[in-house]
Amino acid sequence: MEDFEDFVRGRSNALARTAYLLTGDRHQAEELLQDTLSRVAERWRTVVRGGDPEPYVRRMLYTRAVDGWRSRRRRQALHEAAAQQRPELRCHPDDAEAVTRRLVLRDALARLTPRQRAVLVLRFYEDLTEVQTAEALNCSVSTVKSQTRHALERLRQLAPELADTFGPGTPVEAR
Amino acid sequence: MTSRLSDAFDDLTAEVAPFVVRDDLGRTAWRAGRRRRTRRLLTTSSLAVTALAVLAMTVLPWAGGPRALTPAGGEAGVTGYPQRIGHQWWIGELPERPGPVAGLVEIVDQESETDGWHVFSEHGHLWRLAPHFGGTGDWPALSPDGRRLGYLTDQDGPYVIRDLATGRTTSFPSIGDATIGRPSAYLVAGQSPNFWSPDGAHLLLHASLPPVTPGAAILGMDGSVRFAPRNDLGHPAGWAGDDRLVWVKATGDDPAAPGYAVTATTTDLAGAPVGAVTLRPADGWRQDGHLNQWSPATSPDGTELLVSEYLSAGEDRAAVRRFSLSDGGERGSATVDHVTTPCGASWAGDVPAVPLNLPDTGEGYASTVLLEPAGPRRVVTADPELDTRCLIWAAGALAGEPHGWPFGLATPWWTWWWREILVGVWMLAAVASVWACRIRRPLPSPGRDRPGGARAS
């Protein structure tokens, strides 16, 4: 148990950021992270025997976010509740434009499908290649390409004010 | 090169962690995981036990080896009967010593390799009675205790009586099939019931002595054969004690004609009459009925006679009557629908057992109803897939415990295929488990937000 808690203490912040991007909401991110870690704890000995547990945890995080976590109705309810409160966003009086950009991006992300969000996070946050992303999501490379394209088009429609971030002609490349 | 979207993601999540990660996240997750592990262990154990039970029930009945039914004392008989006779993926031949059995069922699907008589255990396991040659004399005899089985092995004979507990076989080479011209000493009549003596020492067969002397062959367990000519006394109907035979004859074919009567004559083992009674139905013989030549059968104690009249007014309807052999008076009657011919009626103790073919459930759905004092009681149902017709019971089986778990006498199709359905579900669950393991593989590297990565904090 101690090594599990050590792992959670050491990696929970990074995992929380990924969970937040995958859900677009802190409450949902908290639930997703809790659900994922409880499932990892269920098989902790086996996971540890396989080496570094983090790749396994991240796989579980993405799988739960895309396929198994929460019903669509429940997610929608959480989104609506989250829309009323945004305490997680920094709000310095002298940085109003930055706050607005974050709010717009967060709301736009929240309106993507879970799989589209997962593709974007894997490609542009985790820095995975298309092949690795396809393997992570158990789908084909062509599906990753099309999901990425559709997700970006959707973001452009939802947040035209962020055109400099992912607008047409803007280089959008994974690092 | 850094993309602007990546920067936007970094900016969006820069200070989100404190809002998402609670102080006790590790402890809470560990406890939840422990609860999940306990539930998973319980579920897995339950599924494993269920799967083993299903496999045991699915595979073991198909195994071809002898069943462990041999009685320890060597004299025990069958103690129960199956409520369900279902299909088997593989049916083996009757082993040498299967132990006492509950009965035989006739499968009549001519296109099937399983066509012919099959022996079944008290739990419904089937064995093929080989060889099956399809002759008219092919009508096995099963003793009341289910231990001894008599049948004609070939048209030329011999007739054999097998002790299913010890494997001992008594052969009667002088018995052949009446349909061939071979000069056998005795010829067995086709589709005729046979009767065991109350002490189990003799078997009475409807037979003839060539060239044209009809009567009954009495087979002894010591291999002896004696012949009792019927002397115009009708058809053999069983025993009235260990040394008395009963014959039944109808004078005329039309019950409405004057002088129509049905007589039961008692003879000694040589066929000499020692008594006779005229059967007297309480309400007279039915005008629309006719005597079923296979139906007369004496009760095990030799005091009563069972007679069935087929009624032309009803579809497969019969009037089943019990008469006293001491005075010919009727002791009771019942009208039964869906009676199967030419399967004969029999006795289960002091209760008549009548063969049925259940309606509205497909062709060849053999069953048996017991005419108990409290009312008719159906005791068995057969899988339509088997295309069954006649059933021959060991009387002792029907007096024992029924075995029909889990569906008893139910007839819906899925009750015959529940093992296959469960195996299918189990296999789907196995495939789902493999899939679940597949999606639990670690995430591919690299990841910037991992130890040593760009977002390792």
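In what follows, every chain begins at residue 1, and chains take the letters A, B, ... in the order their sequences are listed. Here the structure is a predicted model, which means the values were calculated and not measured.
- Heavy-atom neighbours of B:Trp417 CH2 from other residues, nucleotides or ligands within 6.0 Å: above the threshold of 12.
- Only the side chain of B:Arg22 comes within contact range of chain A, with heavy atoms under 4.5 Å apart.
- No side-chain heavy atom of A:Leu105 sits under 4.5 Å from any side-chain heavy atom of B:Asp11.
- Of all heavy-atom pairs between A:Tyr125 and B:Asp10, the closest is CE1-OD1, 3.5 Å.
- A:Gln34 approaches B:Ala32 most closely through the heavy-atom pair NE2-CB, 4.3 Å.
- Within the 4.5 angstrom heavy-atom criterion, no atom of B:Arg34 approaches chain A.
- Only the side chain of A:Leu109 comes within contact range of chain B, with heavy atoms under 4.5 Å apart.
- For chain A, the option among B:Thr28, B:Thr38, B:Asp23 with the highest count of heavy-atom pairs below 4.5 Å is B:Thr28.
- Scanning all heavy atoms of the two residues, the minimum distance from A:Arg106 to B:Leu12 falls at CB-CD1, 4.1 Å.
- Annotation: B:Arg36, atom CZ; neighbour count of heavy atoms from other residues, nucleotides and ligands within 6.0 Å is above 12.
- When atom types are taken as modelled, the side chain of B:Arg37 and the backbone of A:Glu42 share a donor-acceptor pair closer than 3.5 angstrom.
- Taking both residues in full, the closest heavy atoms of A:Phe124 and B:Ser6 are given as O-OG, 2.5 Å, listed atom of the first, atom of the second, then distance.
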